[in-house]
Amino acid sequence: MSARLRNILLWVVALAALILLPQVVEDRYFMHIAVMAGIFTILTLSWNLLAGYTGQLNLGHAAFYGIGAYTSAILAMQTGLSPWLGLFAGGLVAALFGLMLGFPALRLSGPYLAITTIGFAEILRLVAMNWVDLTRGSLGLSGVPLLTPIQIGDFRMQFYFERDYYYVVLAAVLFTLFCIRRLIGSEFGVTLQAMRDDEAGAQSIGINPSSYKLAVFTISAFFAGFAGGLFAHFARLVSPELLALHNTFDVLTMAMIGGLGTIAGPILGAVSLTILSEALRSMEEVLKIDIRLIVYGLLLILTILFMREGLVGVIKNVWARVKGDS
Amino acid sequence: MGAILTTDRLTKNFGGLTAVNDVSFSLEQGEILGLIGPNGAGKTTLINLISGAFPPSKGTITFEGRDITREKAHTVNTLGIARTFQVVRIFSRLTALENVLAAMVDRKHKGPWSLVWDSFFRRACALTEDKEACATADSLLDFVGISKYRNEQAGNMPYALTKRLEIARALATEPKLLLLDEPSSGLNPAELTGQIDLIQKINAQGTSILIIEHVMKVIMGISHRLIVLHYGEKIAEGEPKVVYNDPLVVEAYLGGDSDAQH
Amino acid sequence: MDSLFLQQVLNGLITGSVYSLIAIGLTMIFGVMKISNFAQGDYSMVGAYTAVFVMAWVGGWLGWIGSVVAAAAVVGLLGVVTERLVFRPLMTRWTDIDMIMVSIGLFILLDNLAQLFFGATPRMIGDPFGGTTVDLGVASTSLLRLFCFFFAGITIFCLELFLNRSRMGVAIRATSQNRFAAQLMGIDINQVYRITFGVGALLAGVGGVLYGTLFAIYPTMGALPTLKAFAVTILGGMGNIRGAIWGGLILGVAEALGGNYIAMEYKQAIGFFIIILVLLVKPSGLFGRKEGA
Amino acid sequence: MLNIENLKVAYGKAVALHDVSMRVEEGELVTLLGSNGAGKSTLLKTISGINRALEGRIVWNGKEIQNQPSHLIVNQGIIQVPEGRAVFPDLTVAENLRMGAFTRRDEDGVAKDLKEVFDLFPRLKERRTQLAGTMSGGEAQMLAIARGLLANPKLLMLDEPSLGLAPVVREAIYHVIRQIYQEKGITILLVEQNARWALKVATRAYILENGRVTMEDTGAALAANPGVQRAYLGH
């Protein structure tokens with residue numbers, strides 16, 4: 001029971017620190033980074049659900065992110081739908097596309113799946129570029145409404161500053177984390193991991209891999225779309241760039257470096273890489289060059305070659321050694 | 001009693017090769033039926049056909065009076081046939097317990113979306129904290145004698161024990177018929193005896209068994225009847241002792257007494 | 001027949017021949033090593049920049065030929081080095097996902113190193129023929145583009161010679177058909193990997209010079225040839241060299257016609273439409289064989 | 001000539017060979033018997049340098065060769081003809097044969113051997129330009145053996161050469177194996193299903209069970225041994 005207690009304590013402390021953070025750090029730029037780190041955490045968690053837990057490499061994940069962002073933005077701007085509902089609507093529309101992509105993806109694996117998912121994202125990116133009436137093309141949709149204020153009795157919360165969004169995104173990350181933890185720990189999650197480890201073995205115990213893959217594609221897309229909606233109402237600008245390949249590559253790098261197929265990994269990866277990339281960006285003023293992505297690429301290669309379990313694996317090993325020594 | 005499984009003129013071609021040729025047999029309720037034959041005789045192909053890994057080219061398979069010839073592997077399992085593999089196919093990154101828990105899910109009635117629903121509204125926070133499910137899984141691990149490895153990643157278990165884990169996993173789906181593909185390959189003599197006991201224990205609980213085995217000590221000891229395949233065809237069938245002395249079978253195993261030189 | 005149509009077919013064949021060249025490298029590497037190399041287009045990018053530098057140094061005709069030779073050498077070497085450092089260590093614990101992801105890492109790295117070294121300004125390779133055009137009666141094109149087409153053809157012909165006539169070439173084909181048996185023939189599998197990867201990269205490098213001759217050169221240009229090469233390779237069946245030749249020409253013509261008759265804006269997506277359609281019908285590609293037994 | 005001492009080989013956690021010792025002397029035809037999964041193919045693969053030996057030594061003419069890369073082992077004249085007619089399907093018959101001689105630099109010797117091989121397998125000469133993948137099972141097996149001969153073997157290891165072949169074709173293969181052994185004088189290590197025939201041609205034989213050598217004797221003695229039947233059909 002003490003291990004469990006320690007876990008709960010750890011959670012409470014971490015949560016308290018995260019809640020108090022904006023009170024300590026007042027810098028708006030820092031808050032901006034924190035919000036982006038949160039959005040990328042959700043994206044990475046959702047990508048990892050597919051890649052890490054079912055072994056399917058989706059290289060078109062940014063498409064779901066973009067679909068969520070456009071849906072939420074367009075609904076708010078053209079129908080006046082509450083952005084709060086828009087977030088979920090974005091997720092649902094993305095999920096619908098996920099289901100759509102899931103069907104052809106069922107029969108494919110490896111490079112075939114990778115290139116099909118890239119193709120899916122690229123086609124949608126071109127649609128976003130060229131359906132000018134709806135998306136204003138490459139200019140993008142600017143002036144996406146902010147999240148509407150919440151009023152409960154006398155308590156009124158407005159969403160204007162980065163700090164306000166920080167709390168929204170924190171809540172969203174916790175929501176995502178809760179859902180994914182529940183899913184992974186349940187019969188559903190064990191089924192996914194069984195399929196990933198050995199598909200024929202999974203079939204032999206009655207698992208129908210196709211139907212599960214389809215379900216995971218859909219769920220993974222939902223959370224990516226949800227993250228996209230958050231981004232839309234935070235950045236207030238939605239452009240076809242969101243669907244571009246490099247966004248998926250960023251997410252993939254974060255998941256890999258954090259630790260594929262774990263829950264802590266994507267969080268660790270997204271947060272540490274967002275911070276790292278900001279640190280590198282500030283170095284740009286000194287070095288006069290942008291080495292951010294060079295470092296990304298290098299880290300990704302080195303991670304796969306030398307620490308396949310990612311940061312989570314490293315921490316586990318260090319922890320085991322510390323425990324072993326004491 | 002009556003037959004639980006019947007195959008009628010089952011045939012499987014791979015390209016030009018006929019791996020299983022016109023094989024008909026039936027397996028009685030509660031029986032241990034041994035399937036033997038030299039390397040390449042089509043034994044594993046036969047099990048793959050029955051378990052639905054791929055469909056036969058010709059012929060039918062009937063299980064409990066129901067035609068399962070074209071059913072997929074996962075459906076075949078939910079109907080009550082479980083199997084193990086020649087080279088183990090366990091879930092290496094899951095623990096032994098989770099391997100069994102994964103197999104215990106009621107897949108006949110629950111698809112992916114109802115499991116998604118369940119994960120939020122039914123079970124304990126995590127499956128491994130579900131006392132009832134864990135108790136059942138534990139009793140299965142105990143039954144095959146690997147309780148000690150409950151929380152070990154299956155990929156880290158000794159090979160001989162992963163064969164038992166695979167059996168536990170198959171039993172977790174509550175099969176009426178168990179297909180065992182060389183359950184004792186790669187085991188040493190001491191482990192062999194344990195494996196024989198285990199198979200007999202499973203049979204004693206009423207599960208019918210079809211077993212491929214090349215270790216004669218095992219197959220002769222436990223089979224009620226034997227079927228011999230050679231070049232994909234059934235060349236003998238009957239009581240172990242009779243089959244053992246059948247000249248056709250001896251010929252199949254030792255080769256013909258012929259040579260171009262003679 | 002409509003001359004615009006024939007003109008587009010001609011343009012498509014010319015572009016397609018370059019696609020074929022880059023895709024052959026990709027498909028060779030896949031066939032022998034089962035690696036899907038997402039950095040293939042970056043080898044083309046490096047080849048194109050090599051040409052830019054050589055051409056700045058030696059102009060005209062000689063410069064163009066010299067830059068092809070230099071690109072082949074530089075990119076071939078780059079291929080050998082990356083194979084040894086990045087891909088070889090993974091060959092023993094190979095998984096699809098790892099190989100694809102490590103090549104994506106390489107893609108990100110090369111892309112951004114190029115931005116660092118070459119700057120973001122697009123470059124061009126000069127026309128050694130001074131813009132001469134050739135009238136083929138029904139359609140016309142520049143001498144340079146026609147030359148690119150023939151050059152791609154000659155390169156592919158040389159490759160076929162190498163693969164069919166030389167001892168190492170046959171060994172490469174043998175290895176892609178049965179790695180185990182190839183080892184039993186005394187073929188040094190690591191040497192085959194090295195040469196395959198070197199040749200595969202070299203082709204992408206030469207293809208890059210042609211690509212850069214037809215289109216603009218910029219640091220992130222590698223993504224397009226990579227995606228095109230994958231589309232071609234999937235059309236032709238992964239690992240199938242003849243398939244890649246046909247696949248490249250088909251994609252080139254389909255893009256040219258589709259861009260003209262359907263929608264210019266979606267020209268770059270035509271390849272994806274085709275492969276998604278093809279994969280829906282035949283998961284192993286148009287010219288692909290059935291996989292497994 | 002070839003000495004194997006206390007060899008241990010495993011695939012991951014599954015031990016395929018425990019402590020196997022055996023030898024092949026120059027001019028012998030040694031047969032390796034054993035049921036499916038006994039470890040025969042594993043043993044050959046380990047000798048050829050495809051599988052790693054965890055423990056033990058493989059000594060070839062006085063030199064340890066275990067865990068050397070396969071191409072170096074082939075270079076020393078240890079040639080394996082793999083199981084299951086593993087020819088290169090999209091290469092022509094001629095190209096397949098050329099791959100057999102991959103390690104050789106003596107063009108004249110290869111040409112001479114090629115002629116001899118064509119004498120031995122006239123069918124292959126007729127089908128030189130045909131793709132190997134289009135040949136029948138028996139022809140492909142002939143090609144695989146011919147390909148092995150072109151490597152100029154000092155020791156030829158044949159892995160189940162008659163597996164899955166029709167009886168008539170099998171006889172032809174047996175005939176060729178005898179010719180290779182008796183007329184060409186090549187030392188042979190043979191893995192074969194057909195125990196009766198294999199024991200008849202073998203100078204000595206080993207019986208492998210579950211990754212262990214359980215019997216060793218001259219071919220004739222084992223053929224006469226009632227225990228052999230038991231080794232196959234039970235204890």
Side-chain angles (χ1 to χ4, degrees), chain A residues 51-52 55-57 59-60 101 103-127 129-132 137 244-246 248-250 252-253 255-256 260-261 287 289-306 308, chain C residues 26 30 34-39 82 85-87 89-90 93 95-117 220 223 226-227 229-231 233-234 238 263-277 279-280 282-285 288:
Chain A
Q56 302 208 88
L57 195 59
L59 295 185
L101 176 61
F103 275 108
L106 284 180
R107 302 172 60 188
L108 308 172
S109 63
Y112 298 95
L113 177 63
I115 208 72
T116 304
T117 48
I118 288 182
F120 168 80
E122 281 294 292
I123 290 170
L124 285 177
R125 189 177 66 87
L126 289 174
V127 169
M129 290 270 280
N130 294 304
W131 194 351
V132 180
L245 195 55
H246 63 81
T248 302
F249 285 177
D250 280 359
L252 169 158
T253 310
M256 253 344 261
L260 198 66
L287 296 172
I289 47 171
D290 181 9
I291 59 166
R292 191 177 73 96
L293 287 169
I294 296 177
V295 173
Y296 265 44
L298 209 57
L299 278 179
L300 180 54
I301 295 173
L302 293 177
T303 302
I304 295 167
L305 288 180
F306 301 112
R308 182 60 177 73
Chain C
L26 187 77
F30 184 84
K34 298 288 172 284
I35 293 173
S36 318
N37 182 18
F38 277 80
T82 45
L85 292 181
V86 178
F87 294 102
L90 287 176
R93 55 178 179 94
T95 71
D96 246 358
I97 283 203
D98 280 10
M99 278 299 183
I100 292 175
M101 290 214 276
V102 92
S103 76
I104 288 174
L106 193 62
F107 168 87
I108 300 175
L109 183 67
L110 290 175
D111 237 36
N112 290 286
L113 279 177
Q115 299 222 35
L116 181 61
F117 288 124
T220 53
T226 291
L227 296 180
F230 265 102
T233 307
I234 286 177
M238 301 283 290
M264 197 59 206
E265 309 88 277
Y266 289 98
K267 186 176 173 184
Q268 304 298 348
I270 285 169
F272 291 124
F273 277 120
I274 297 175
I275 57 170
I276 290 174
L277 283 180
L279 288 177
L280 278 177
K282 205 169 167 237
S284 53

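Naming: A, B, ... by sequence-line order, numbering from 1 per chain. Just so we're clear, the structure is a prediction, and the values are computed from it rather than from any experiment.
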What part of C:Phe273 is in contact with chain A, defined as an atom under 4.5 angstrom from a non-hydrogen atom: side chain, backbone, both or neither? both
Name the region of A:Leu108, side chain, backbone, both or neither, that has any atom closer than 4.5 Å to a heavy atom of chain C. side chain
Contacting region of A:Thr303 [heavy-atom separation from chain C under 4.5 Å]: neither
As a quick check of understanding, evaluate side-chain contact (heavy atoms from CB on, under 4.5 Å) for C:Asn112 and C:Gln115, giving each step before the final call. CA-CA 5 Å; C:Asn112 290 286; C:Gln115 299 222 35; 3.9 Å; yes
Looking at CG of A:Asn130 and CZ of A:Arg125, how far apart are the two atoms once the value is rounded to the nearest 0.5 Å? 9.5 Å
Between the main-chain N or O of A:Gly60 and the side-chain N or O of A:Thr248, is there a donor-acceptor pair closer than 3.5 Å? no
To the nearest 0.5 angstrom, please state how far the OG1 atom of C:Thr82 sits from the CZ atom of C:Phe87. 6.0 Å
Between chain C and each of A:Leu302, A:Leu299, A:Val127, count heavy-atom pairs under 4.5 Å; write down the option with the most. A:Val127
C:Leu85, part contacting chain A, at a heavy-atom distance under 4.5 Å: backbone
Under 4.5 Å to a heavy atom of chain A? For C:Leu106 that would be both
Let me know if C:Ile276 has heavy atoms under 4.5 Å from chain A in its side chain, its backbone, both or neither. side chain
Heavy-atom pairs under 4.5 Å with chain A - which of C:Pro89, C:Gly271, C:Ala269 has more of them than the others? C:Ala269
Look up atom CD1 in C:Ile108 and atom CG in A:Leu293, then write down how far apart they are to the nearest 0.5 Å. 7.0 Å
With rounding to the nearest 0.5 angstrom, report the NE2 to CZ distance, A:His246 to C:Phe107. 10.0 Å
Under 3.5 Å donor-acceptor, C:Ser103 side chain and C:Asn37 backbone: no
Take C:Leu227 and C:Phe272 through the test side-chain contact (heavy atoms from CB on, under 4.5 Å) and record every step on the way to the result. CA-CA 9 Å; C:Leu227 296 180; C:Phe272 291 124; 3.8 Å; yes
For the interface with chain C, which of A:Leu300, A:Leu57, A:Leu260, A:Ile294 has the highest count of heavy-atom pairs at distances below 4.5 Å? A:Ile294
Determine the option with the most heavy-atom pairs under 4.5 angstrom with chain C, choosing from A:Ala51, A:Ala114, A:Pro111, A:Gly110. A:Pro111
Relative to chain C, which of A:Pro104, A:Gly55, A:Gly297 shows the most heavy atom pairs under 4.5 Å? A:Gly297
Which bit of A:Arg308 is near chain C, if near means a heavy-atom gap under 4.5 Å: side chain, backbone, both or neither? side chain
